[in-house]
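Data block below; observations after.
This structure is a prediction, so every number in the text was calculated from the model and none was measured. Quick note: residue numbers are just sequence positions, from 1. What's counted below: heavy atoms across the whole structure, side chains too, no hydrogens, waters or symmetry copies.
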Amino acid sequence: MTKKQLAIGTLIEAYGLHAAAWLTEEAEPGAPNDIAYFKNIAQICEKGKFDFYFIADTPACRTTDVETWARSPMYMNQLEPITLLTALADATSKIGLAATASTTFYEPYNLARLYASLDHISNGRAGWNIVTSANDFAARNFGADRLPPHNKRYAKAREFYQVVTALWDTWEDDAFVYDKESGLNFDPAKMHVLDHEGEFFKVNGALNIARPPQGYPVIVEAGASETGKEFAAETAEAVFGVATDIEEAVAFYKDLKGRMPRFGRNPDHLKVLAGATIVVGDNAEEAKARFDHWQSLIHPDVGLLRIKQDIETDLSDLPLDEPVPVDRIPAESNHHRAYFEEIAGMIRKGLTLRQICQQYTRSKVTIFGSPEEIADMMQEWLEREACDGFMITFPVIPSTLSDFVEKVVPVLQARGIFREDYTGSTLREHLGLPRPENRYTVARAKAAADEKAVANG
């Protein structure tokens, strides 16, 4: 029997995802704006046969605590992701190309057109990570002081998704006939104008580009809240898991997939990808020592600011080497729920503020070990149904990425749980996801079948 196959995506930042990655010897000063650098990284990922290359994004620059952000410049110098992925489409041929775009700050028409274009340019390799945004820096760029409440952002996201997918269905797959003899470029009967008026959006028009090669770009999400899980069960095709141990991951996997039948969806049409940071060494001790060195480079002010950002409360008045009082945990968060819970959990365990600064990983499993040890963990999570694969963050680029591709991928391939080569050409094919049918084509076929049934008595 064929073994279940891992899906693997990777979230790429110029220097890596570690808060002090830019301080390491291998970090190239001009990397964030160097397209040749990113092309090389994408080609390493494609050499590793990854399902997709992913870019997280926010439409904002940090504008407070700038002295501290100068020590850990997250999102302070970053290419716009669709522009970057379009360039990477020309430098690669198989790997999927996915990026974040916010339903809080985009307009549905613009986003639908951007991702449809990326899907055409890449020949069917685009993916859209739906987010509602989670910081107030972005809100201030768009005329608001704070983000809207969590539930309202998700209500808007649901309507946004409905509008975007309807726009992607503007043209049926065979609408463009290019018939020179008849003089018809497209079949007018297979173009459909959207007339939508909802709580958040009013759209009356049609998308001015043919239906994407994948039907819809692959829909990616990362909801950990109850609202987020419901939205993912209804709409997502890949979800980034946030569990930090296998039992929690098994429960999340079962919970999320168990919700899907209520929305008429097959649980196999959603891939749960566990978030993991991976460092390869000759053994776990060596790999952990590398990571501990990078941790030692994090300035305390940076650790404190990351905590402040994610739980919306300032702990900088507390001693670094004493446990954080439990009563300093806020009652709730309007930002990333998973990040909030991770920090709150460390406070409840009695960790000192310094320990929290150095151990906080933004809800990812951190794996240290030899190639075989890492493969063991990945295989166990797959076989226990804790995930369908992994969304890997590499702390320092390109070394930890290259180590994984050169040393771990061959072990996974030898075990028969990861592809030797790509067998398809689209991101949907890589992930084993069906191509959505055009809603108007389906409706026409149903109407014809009903008419035939009536005629036949």
### Under 3.5 Å donor-acceptor, Arg265 side chain and Arg259 backbone
no
### Query
Got a salt bridge between Arg158 and Glu230, using NZ or NE/NH1/NH2 to carboxylate O under 4.0 Å?
no
### Message
Taking the ring centre of each residue, are Phe137 and Tyr75 less than 6.0 Å apart?
### Response
no
#### Entry: Flag if over 12 foreign heavy atoms under 6.0 Å of CZ, Arg328
yes
#### Entry: Expected output: side-chain Arg62 to main-chain Ala70 donor-acceptor under 3.5 Å
no
#### Entry: Atom of Ala60, atom of Asn141 and distance for their closest heavy-atom approach
CA-ND2, 3.3 Å
### pair Ile82-Tyr115: side-chain heavy atoms closer than 4.5 Å
yes
### Query
Any donor and acceptor pair, going by atom type alone, linking the side chain of Gln5 with main-chain N or O of Gly416 inside 3.5 Å?
yes
### Task
Return yes if a side-chain donor-acceptor contact under 3.5 Å exists between Thr393 and Thr277, otherwise no.
yes
#### Entry: Donor-acceptor pair between Thr227 and Asn151 side chains, under 3.5 angstrom
yes
### Task
Could you walk me through whether Leu118 and Thr86 pass the side-chain contact (heavy atoms from CB on, under 4.5 Å) test, one step at a time?
CA-CA 6 Å; Leu118 177 62; Thr86 300; 3.9 Å; yes
### Message
I'd like to know if the side chain of Lys229 reaches the main chain of Phe252, judged simply by a donor and an acceptor atom lying under 3.5 Å from each other, with no hydrogens or angles considered.
### Response
no
#### Entry: Student check: side-chain heavy atoms of Trp294 and Val279 closer than 4.5 Å
yes
### Message
Under 4.0 Å between a side-chain nitrogen and a carboxylate oxygen: does that hold for Arg140 and Asp136?
### Response
no
### Task
Would you please classify the geometry between the Phe52 ring and the Phe240 ring as parallel, tilted or perpendicular, with 30° and 60° separating the classes?
parallel
### Message
Tell me if the CG atom of Asp321 is crowded by more than 12 foreign heavy atoms within 6.0 Å.
### Response
yes
### Glu373 side chain to Asn283 backbone, donor-acceptor under 3.5 Å
no
### Interatomic spacing from OG in Ser133 to CG in Asp57 - rounded to 0.5 Å
9.0 Å
### Task
Rounded to the nearest 0.5 Å, what's the gap from CZ on Phe390 to CD1 on Ile8? Could you check?
8.5 Å
### Task
Would you name the heavy atoms of Tyr154 and Ser225 that are closest together and state the gap between them?
CE1-OG, 4.4 Å
### Query
When you check the side-chain N and O atoms of Glu342 and Thr244, is any donor under 3.5 Å from an acceptor?
no
### Query
Where do Ile278 and Thr400 come nearest, in terms of heavy atoms and distance?
O-CB, 4.2 Å
### Message
Please check this pair: side chain of Trp168 against backbone of Asn438, looking for a donor-acceptor N/O pair closer than 3.5 Å.
### Response
no
### Query
What distance do Leu304 atom CG and Asp65 atom CG have between them, rounded to the nearest 0.5 Å?
10.5 Å
### Query
Is Lys407 salt-bridged to Asp282, going by a charged N under 4.0 Å from an acidic O?
no
### Query
Are Lys47 and Glu406 within salt-bridge range, i.e. N to O under 4.0 Å?
yes
### Task
Consider only side-chain N and O atoms of Asp119 and Tyr216, and report whether a donor and an acceptor are under 3.5 Å apart.
no
### Query
So do the side chains of Lys288 and Thr366 get within less than 4.5 Å of each other, counting heavy atoms only?
no
### Query
Is the shortest heavy-atom distance from the side chain of Leu427 to the side chain of Gln214 under 4.5 Å?
yes
#### Entry: Lys94 bridged to Glu429 by N-O distance under 4.0 Å
no
### Summary
Scanning both residues in full, the closest heavy-atom pair of Pro32 with Tyr15 reads CD-OH, 3.3 Å
### Message
Within the 4.5 Å heavy-atom criterion, are Lys39 and Leu88 side-chain neighbours or not?
### Response
yes
### Message
Is there a side-chain contact between Thr165 and Asp169 in this structure, where contact means two heavy atoms from C-beta onward sitting under 4.5 Å apart?
### Response
no
### Query
Can any side-chain N or O of Gln78 pair as donor or acceptor with the backbone N or O of Ala56 at less than 3.5 Å?
yes
### Task
Report yes or no: does Glu159 contribute a side-chain atom to a donor-acceptor pair with the main-chain N or O of Phe200 at less than 3.5 Å?
yes
#### Entry: Criterion side-chain contact (heavy atoms from CB on, under 4.5 Å) on Ile397 and Glu13, from CA distance to verdict
CA-CA 8 Å; Ile397 297 289; Glu13 293 285 345; over 6 Å; no
### Query
Would you call Leu305 and Trp69 a side-chain contact if the rule is heavy atoms closer than 4.5 Å?
yes
### Query
Arg125 and Leu97: side-chain contact (heavy atoms from CB on, under 4.5 Å), yes or no, with the steps?
CA-CA 6 Å; Arg125 294 186 282 141; Leu97 303 167; 4.0 Å; yes
### Query
Looking only at side chains, do Ser72 and Arg306 share a donor and an acceptor under 3.5 Å apart?
no
### Electrostatic pair Asp51-Arg419, nearest N-O below 4.0 angstrom
yes
### Query
Between the side chain of Tyr37 and the main-chain N/O of Ala14, is any donor-acceptor distance below 3.5 Å?
yes
### Query
Phe404 versus Ile44: any side-chain heavy-atom pair under 4.5 Å?
no
#### Entry: Glu437 atom CD, neighbour heavy-atom count above 12 within 6.0 Å
no
### Message
Looking at Asp173, is its backbone amide N or carbonyl O close enough to the side chain of Arg211 to form a donor-acceptor pair, meaning the two atoms are under 3.5 Å apart?
### Response
no
### Query
Side chains of Asn129 and Thr100: donor-acceptor distance under 3.5 Å anywhere?
yes
### Query
Hey, is CG on Asp90 packed in by over 12 heavy atoms from elsewhere, all under 6.0 Å?
no
